[in-house]
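Only one structure is covered here, and it is reproduced in the block below.
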Number of protein chains: 2
Amino acid sequence: MNPVRVLLADDEHLIRGALAALLALEDDLLVVAEAASGPEALAMARAHRPDVAVLDLQMPGADGVSVATSLRAELPGCKTMIVTSHGRPGHLKRALAAGVRAFAPKTVSAQRLAELIRTVHAGGRYVDPELAADAISAGDSPLTAREAEVLELAADGAPVAEIAERASLTQGTVRNYLSSAATKLGAENRHTAVRLARERGWV
Amino acid sequence: MNPVRVLLADDEHLIRGALAALLALEDDLLVVAEAASGPEALAMARAHRPDVAVLDLQMPGADGVSVATSLRAELPGCKTMIVTSHGRPGHLKRALAAGVRAFAPKTVSAQRLAELIRTVHAGGRYVDPELAADAISAGDSPLTAREAEVLELAADGAPVAEIAERASLTQGTVRNYLSSAATKLGAENRHTAVRLARERGWV
DNA sequence: GGCCACCGATGACATTTGTCAGGGGCACCG
DNA sequence: CGGTGCCCCTGACAAATGTCATCGGTGGCC
């Protein structure tokens, strides 16, 4: 039986290296490539055509989900899984929509990770039960596309005028969207709304 | 020569375990304890009295710097070092003030980390050059104590009235402090001011 | 003692924001 | 075809926020 060819993508060398070392102990797993950024992960995947890609959620360049999306299109045979420190409900949803086969927090053990890689390679799927519960209880985003867009532009505390300009909208329209978004989220102002939407992974 | 006794504290099992495995390969290093939270790190340190404590910056309960402060008081012989994913200038300053001997990002290699542990154990110090440059260019916080306090209370987007109540101040006073803080930081409003202060590690 | 920085407050003002009530246009669906 | 939901806008009002001038008190420092 050929070993499972694995691509590791994580921007923290320390963790990536440690992970590679641990997975190397499993004789049915073979780490064929490592990457420290989204674009690098894609390039490595093209070059080495791994069976399974283990992606960190937050990476410079392109995050794990967008890498997974690209991979799905380019290398349908390559299964993807996401490992992350900060698992937010929305991320899980986006990841599953992108065809990711497994989604786990970094609090799992290396042993467990190795098992997950095997599971995914065999065609199985997995999501962390706790994250799944969060995602279900958080539900779908009640925000419309524009509400979410405007909220995102408001994320760094920009004044309404700037948001309006960047979104090519009227200030009044922007305020209406922000107001309705805040109402839907149960927030008193747009800033707490931004925070809540972030926590739920809706932005 | 006795091996260096190391305490590992990081809330991500995956990383902690991987790190422990890697450090175990170095025969002059011995991981005697692991912890997943600030309080647990303290308890472990008391129980096992390590030579060097490797602390993650962000942990549940108490962050790496406060753990380092407590350790310095309780176990003066135990040297502390901080390893983190997100190194902000202010964190570095606070860490050094707390008597931390080394401050490195998680982008270092395991080999490098092992060297750092030896360096620290031998009485040396180390700070990541890039972080040091950031810290120097960021300079000291221009904020007065109250400005920083009020800014912190404003961090989650609370309205002025709530900040005033929580700080036992008048709304006018709060607005004045927020205004001066925003001016000092070159921000247009308090929300971007909060963000800037966070980025520089001044809150 | 005088100087200066910080703390805390007041009052007034301009600006920004939040909120509400609309209206026209468009697309989808029963 | 009518209803519904979203998009985009307007206008107006209330509330929150930012800004400025100013004042008194405190404590450190030369």
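Here is the naming used below: chain letters follow the sequence lines, and residue numbers restart at 1 for every chain. From a predicted model like this one, the values you see are computed outputs, not experimental measurements.
Residue A:Pro159 places its side chain closer to C:dT17 than to any other of D:dT17, C:dT17, D:dC7. Picking from C:dA9, C:dC7, D:dT17 the nucleotide with the shortest atom distance to the side chain of B:Thr170 gives C:dA9.
If you take CG of A:Asn176 and P of D:dC9, they are 10 Å apart, rounded to a whole angstrom. Taking atom CD of residue A:Glu162 and atom C1' of nucleotide C:dT16, one finds them 14 Å apart after rounding to whole Å. Across the protein-nucleic acid pair, B:Arg190 atom CZ and C:dT17 atom C1' stand 11 Å apart, rounded to whole Å. The nearest whole Å value for the distance from the CD atom in B:Gln171 to the P atom in D:dT17 is 8 Å. Atom pair A:Tyr177:OH and C:dC20:P shows a separation of 17 Å (rounding to whole Å applied). Going from atom CG of B:Leu178 over to atom P of D:dC20 covers 15 Å, rounded to whole Å. Distance B:Leu143 CG to C:dC6 C1': 13 Å, rounded to the nearest Å. Following rounding to the nearest Å, B:Leu169 (CG) and C:dC7 (P) show an atom-to-atom distance of 10 Å.
Residue-level contact check: A:Arg175 touches the bases, meaning some heavy atom is under 4.0 Å from a base atom. Residue A:Asn189 is in sugar-phosphate contact alone, with no base atom involved, counting any heavy-atom pair closer than 4.0 Å across all strands shown. B:Thr173 comes within contact range of at least one nucleobase, with a heavy-atom separation under 4.0 Å. As judged by a 4.0 angstrom heavy-atom cut-off over every strand, A:Ala145 is placed among residues touching the sugar-phosphate backbone only.
Checking A:Thr183 against B:Ser168, the closest nucleotide of DNA chain C that is more toward the 5' end is the one next to B:Ser168.
Counting heavy-atom neighbours within 6.0 Å of A:Glu188 CD, excluding the residue itself, gives a total of 12 or less. The number of heavy atoms from other shown groups lying within 6.0 Å of CZ (B:Arg118) is above 12.
Counting heavy atoms from C-beta outward, B:Arg72 and B:Thr80 have side chains that stay 4.5 Å or more apart. A 4.5 Å side-chain heavy-atom check between A:Val52 and A:Val4 finds at least one atom pair inside the cut-off.
At C:dC6, none of the side-chain N or O atoms of B:Arg146 fall inside 4.0 Å of OP1 or OP2 (strictly under the cut-off). Here B:Ser179 does not reach the OP1 or OP2 of D:dT17: none of its side-chain N or O atoms lies under 4.0 Å away.
A distance-only check finds no donor-acceptor pair linking the side chain of A:Arg16 to the backbone of A:Asp11 [under 3.5 Å].
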